[in-house]
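What follows is a short report on a single structure.
These numbers come from a predicted model, not from an experiment.
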Amino acid sequence: MTRYVLRRAGQGVFVLWAAFTVAFFVLYLLPSDPAALVASGGGEVSQVDPTQLAALRAEYGLDRPILVQYGDALLGALAGDFGTSYVSGASATALVAQALPETLRLTGAALLVAVLGGTAVAVASVLPRARFLRQALSALPPLGVALPTFFVGLVLLQWFSFRLPVFPAIGNEGAVSLVLPTITLAVPAGAQLAQILSRSLRGTLGEPYVETAWAKGASRARVHLAHALRNAAIPAFTVLGVMVGGLLGGAVVTETVFSRQGLGRLTVQSVNQQDVPVVLAIVVFSALVFVVVTLVVDLVYPVLDPRIQLRTPRAASRRAASRRATAVTA
């Protein structure tokens, strides 16, 4: 178990390094110049004073060789210091920490709605006796997956902010302003969960222990909810790490559509302004969330299903070889 955790932690460190490295060089290869964008103040880059531009490039260290810039940025990131924003002059880490609470509120609420809604749709798609009702409910998850996040947000804005002014269209004021962005972000995630869970439920309902429950006279709801759902939830639980990453990515679009201040909005602004330190801090944080959630999901597996054991590939191969040797000897 300890060896497995250490191995996964090492893989997580590699993922963080790879995310940082790819983001750094992609930003470096962009045709625009961060110093020129800052000096122009949103105006024409061609009108920037060359002397001012050279001074800014020296101040930001952009006049040094790329490998030197990368090495300094990587050493700073290892210490938790991603540098200062080219635009505001504030610490990149502080800007991310400042924008994070609103995004956590949004993604946390969306994750809760997605899990509850996706589970309800998945169970409802296999529970009714009427075949046409099961088929109609089974068609909802693919539809939800196919709908783009921005389209869902615009439709909700049109109906519930403009035609029926029930919820505010923009802003971060109060819990009411969180309703439409939460639904917008939760629809594709919940649909993906429902699609996987409903397929798993249909397979689980054919297992022998389910047949035994039917033979003992258990009710239809008890068979589905008490016996089949727990084991069927394991494949759906697998996508939780991917779902969290998808919610963070979807927050970029959602916070833009609803003009909410948060990590997604900060990402859009930083990419447009080529604010390299802030973008790197956001990329590393997002990768860290993905790594941690994936590791937690793997560690919770044995709790959901005691038959699952966590081993490194080498330990698993040794155990398999031992079993084969025992079988040959017997």
Side-chain angles (χ1 to χ4, degrees), residues 7-42 44-46 48 50 52-100 103 107 241-242 244-253 255-256 262-295:
R7 174 175 168 270
R8 289 302 308 273
Q11 292 176 344
V13 171
F14 174 79
V15 168
L16 295 177
W17 169 79
F20 176 90
T21 302
V22 171
F24 180 89
F25 285 103
V26 166
L27 291 170
Y28 177 80
L29 292 174
L30 291 177
S32 56
D33 185 353
L37 292 175
V38 174
S40 65
E44 290 293 333
V45 176
S46 59
V48 176
Q52 181 187 5
L53 179 59
L56 281 175
R57 289 181 60 82
E59 179 183 351
Y60 298 149
L62 298 175
D63 56 345
R64 298 174 300 167
I66 181 61
L67 292 181
V68 175
Q69 295 182 45
Y70 170 74
D72 290 344
L74 182 59
L75 290 176
L78 291 175
D81 180 13
F82 291 88
T84 57
S85 168
Y86 295 160
V87 178
S88 65
S91 168
T93 306
L95 289 174
V96 172
Q98 182 180 356
L100 186 58
T103 300
T107 54
V242 178
V244 172
L247 290 175
L248 286 175
V252 175
V253 177
E255 290 179 352
T256 302
L263 201 59
R265 189 85 177 275
L266 179 64
T267 302
V268 174
Q269 294 172 351
S270 301
V271 171
N272 289 337
Q273 297 164 346
Q274 206 170 338
D275 199 346
V276 176
V278 180
V279 175
L280 289 177
I282 294 172
V283 168
V284 172
F285 171 76
S286 302
L288 178 63
V289 171
F290 179 80
V291 167
V292 171
V293 172
T294 304
L295 179 60

Shortest non-hydrogen contact between A251 and T103, atoms and distance: CB-CG2, 4.2 Å
Interatomic distance, L95 atom CG to F82 atom CZ [nearest 0.5 angstrom]: 12.5 Å
Y70 and T21: side chain donor to acceptor below 3.5 Å: yes
Side chain Q273, main chain V87, donor-acceptor under 3.5 Å: no
Atom CD of Q269 with >12 non-hydrogen neighbours under 6.0 angstrom: yes
Whether D275 side chain and Y86 backbone form a donor-acceptor pair below 3.5 Å: yes
4.5 Å side-chain heavy-atom contact, T267 and S270: no
Expected output: side-chain S286 to main-chain L248 donor-acceptor under 3.5 Å: no
Atom of A23, atom of L280 and distance for their closest heavy-atom approach: CB-CD2, 3.8 Å
Side chain D81, main chain A77, donor-acceptor under 3.5 Å: no
Spatial distance of atom CG (D63) from atom CG (L53) [nearest 0.5 Å]: 10.5 Å
For P34 against L62, the heavy-atom pair lying closest together: CB-CD1, 4.2 Å
Which atom of T256 lies closest to which atom of R265, heavy atoms considered: CA-CD, 4.5 Å
Minimum-distance pair of heavy atoms, taken over all atoms of A281 and V96: CB-CG2, 3.8 Å
Considering all heavy atoms, the nearest Q274-L30 contact: NE2-CB, 3.8 Å
Non-hydrogen side-chain atoms of F285 and L100 separated by less than 4.5 Å: yes
Spatial distance of atom CD (E255) from atom CG (L263) [nearest 0.5 Å]: 7.0 Å
Within the 6.0 Å centroid threshold, strictly below: F20 and W17: no
Chi angles and distances behind the side chain to side chain contact (heavy atoms under 4.5 Å, CB included) call for Y60, V276: CA-CA 10 Å; Y60 298 149; V276 176; over 6 Å; no
4.5 Å side-chain heavy-atom contact, V244 and T107: no
R64 side-chain N/O to G61 backbone N/O, donor-acceptor pair under 3.5 Å: yes
Step-by-step side chain to side chain contact (heavy atoms under 4.5 Å, CB included) determination, V271 to V279: CA-CA 7 Å; V271 171; V279 175; 4.1 Å; yes
CD1 on I282 to CG on L266, rounded to 0.5 Å: 4.0 Å
P277 side chain near T84 side chain, heavy-atom distance below 4.5 Å: no
Crowding at CZ, F25 (>12 non-hydrogen neighbours, <6.0 Å): yes
